[in-house]
Amino acid sequence: MQRWRSDAEALVAGAVVALLPTVARYAVEARAYSLLMLMTVACIAAFEYVYRHPRNRLALAGYALVAGALFLTFYFGIAILAAHNLIWFVRVLRHRAHWRQDLLPWVIVQVGIGVLVLPWFPGLLYQLEVAPATTFAQEVNAWQLFALALGLITYPTSSVTLFAIWLFALFWSIMIYGLLRCSLQARGDEGRGDEGLKLRAFWVPLLMTGGLVIVLQASMVRYLMVLVPGVAIATAIGWHALRQRFPRHGAMLAGGVIGCLLLYRLPGIVTPPRVEPVWSELSALVAQHANPHHDTVVFQPPFEQRTFAYYYHGPALRLLGAHHYDEFYHVQEYDFTTSWNPNELDEIIRATRENQYVWVFFKPFMLRQEPFALPYDLIGHWKLGNLELFRYEIAPGERQ
């Protein structure tokens with residue numbers, strides 16, 4: 001933003017991308033989201049340089065490497081790459097006099113990206129094969145698209161509060177005003193006044209990401225992480241347009257945007273109080289009292305076994321859950337949405353008849369909001385946050 005716009009816009013964009021609740025929510029997870037943010041920013045910057053220097057072979061090669069790395073980091077990065085291809089196609093149409101000089105290098109770049117991605121192609125085919133069994137598929141409607149747009153700006157946990165609605169309206173109003181105020185065509189390819197940056201960095205990627213969400217029926221906010229840098233850029237450019245229209249209120253508006261984002265860092269004001277980790281406490285309770293020879297631990301939903309394994313420090317126990325998603329849901333054909341399968345209770349009873357105690361971890365998920373009740377004596381029940389732990393005793397006459 002300092003290179004192509006202004007120092008003030010760079011400051012606003014940097015503050016937004018640093019304080020946006022979506023980043024705070026996902027970048028701290030032990031997943032690829034932090035790397036995704038880095039590669040998205042790098043891909044936007046590389047494309048902007050190529051857009052301004054379309055004959056620079058080194059820039060084209062650098063873009064191919066960064067774009068391939070983005071797609072390999074998170075497959076929703078293909079929305080950014082699709083946006084860049086659409087933008088380049090429009091460029092070729094606008095400069096028909098030398099379309100060959102623009103098109104041929106770009107095609108070579110796309111072939112290079114394909115070569116980088118090709119070794120992962122079998123893995124992509126496998127993921128597409130197992131996806132129906134390991135994801136919660138639902139038809140994406142207009143309300144869910146609105147909820148995604150809301151969650152991109154606000155915390156999902158407070159997406160129904162008036163503050164979240166107000167913050168959502170503030171951000172999207174600024175970005176839309178910037179879109180309407182500035183020219184719809186990128187002009188000034190060189191210099192710091194490039195008005196087409198917002199289109200290339202946010203609005204066209206937003207269009208492509210929305211289409212991808214609809215095609216793949218992906219209704220989780222985390223799939224929109226590729227748009228976060230674009231949100232920061234579009235917000236800064238919209239703020240700049242408003243500052244030009246209302247010079248005296250520019251600093252106040254920037255302070256209001258940043259101040260609202262800072263409020264999300266204060267638990268209990270506009271967001272629920274932070275819930276301290278509860279898995280460590282309940283896992284320690286199991287480690288202290290469970291007998292590795294006579295006890296079984298059941299997880300509902302099954303994939304929480306992986307969470308338990310992270311926090312549990314004790315003797316090896318018999319676990320009934322899903323450590324490997326693909327094997328449990330795709331190969332063994334368990335039901336992802338209802339926790340186990342239609343015969344889940346009978347199956348668990350058969351698997352635990354030989355035990356003395358059965359521990360059940362329950363956490364609400366999707367369609368399963370209530371724990372199943374085993375036909376044993378309930379001798380213990382603990383609840384911390386939204387996590388519950390049940391302890392059942394099997395009478396000697398009921399054991400196999």
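Residues take their numbers from the sequence shown, with the count starting at 1.
A salt bridge is absent between Glu9 and Lys198: the closest approach of a Lys/Arg side-chain nitrogen to an acidic carboxylate oxygen does not fall below 4.0 angstrom. Using a 4.0 Å cut-off between a side-chain N of Lys or Arg and a carboxylate O of Asp or Glu, Lys363 and Glu388 do not qualify as a salt bridge.
Using cut-offs of 30° and 60° on the angle between ring planes, the pair Phe365 and Phe336 is perpendicular.
A ring-ring contact (aromatic ring centres under 6.0 Å, His included) with Tyr63 is found for one member of Tyr49, Trp88, Trp106 and no other, namely Trp106.
Checked against a 6.0 Å centroid threshold, the rings of Phe299 and Trp359 do not count as neighbours. For Tyr329 and Tyr334, the distance between ring centers is not under 6.0 angstrom. Ring to ring, Tyr51 and His84 are not that close: their centroids are 6.0 angstrom or more apart. With ring centers used as reference points, Trp120 lies under 6.0 Å from Phe71. Taking the six-membered ring wherever Trp is involved, the centroid distance between the rings of Phe361 and Phe308 falls below 6.0 Å. For an aromatic pair to be called close, the ring centres must be under 6.0 Å apart, and Phe328 with His324 fails this.
Heavy-atom neighbours of His289 NE2 from other residues, nucleotides or ligands within 6.0 Å: above the threshold of 12. The number of heavy atoms from other shown groups lying within 6.0 Å of CZ (Arg245) does not exceed 12. For OH of Tyr126, the number of neighbouring non-hydrogen atoms (other residues, nucleotides, ligands) closer than 6.0 Å is greater than 12. When the shell of 6.0 Å around CD1 of Ile78 is examined, it contains 12 or fewer heavy atoms from other residues, nucleotides or ligands. Atom OH of Tyr310 has 12 or fewer neighbouring heavy atoms from other residues, nucleotides or ligands inside a 6.0 Å radius.
Counting heavy atoms from C-beta on, the side chains of Met1 and Ile237 come closer than 4.5 Å. Inter-residue side-chain proximity for Phe390 and Trp382 is flagged as unmet; no heavy-atom pair is nearer than 4.5 Å.
Scanning both residues, Cys43 and Leu81, for their nearest heavy atoms gives SG-CD2, 4.0 Å.
Between the side chains of Arg222 and Tyr33, a donor-acceptor pair is found at a separation under 3.5 Å. There is a side-chain donor-acceptor pair under 3.5 Å between Gln110 and Asn85.
Arg31 forms no cation-pi arrangement with Tyr26, by the criterion of a distance under 6.0 Å to the ring centre and an angle within 45° of the ring axis. Annotation: cation-pi geometry satisfied between Arg52 and Trp4 (NZ/CZ under 6.0 angstrom from ring centroid, within 45° of ring axis).
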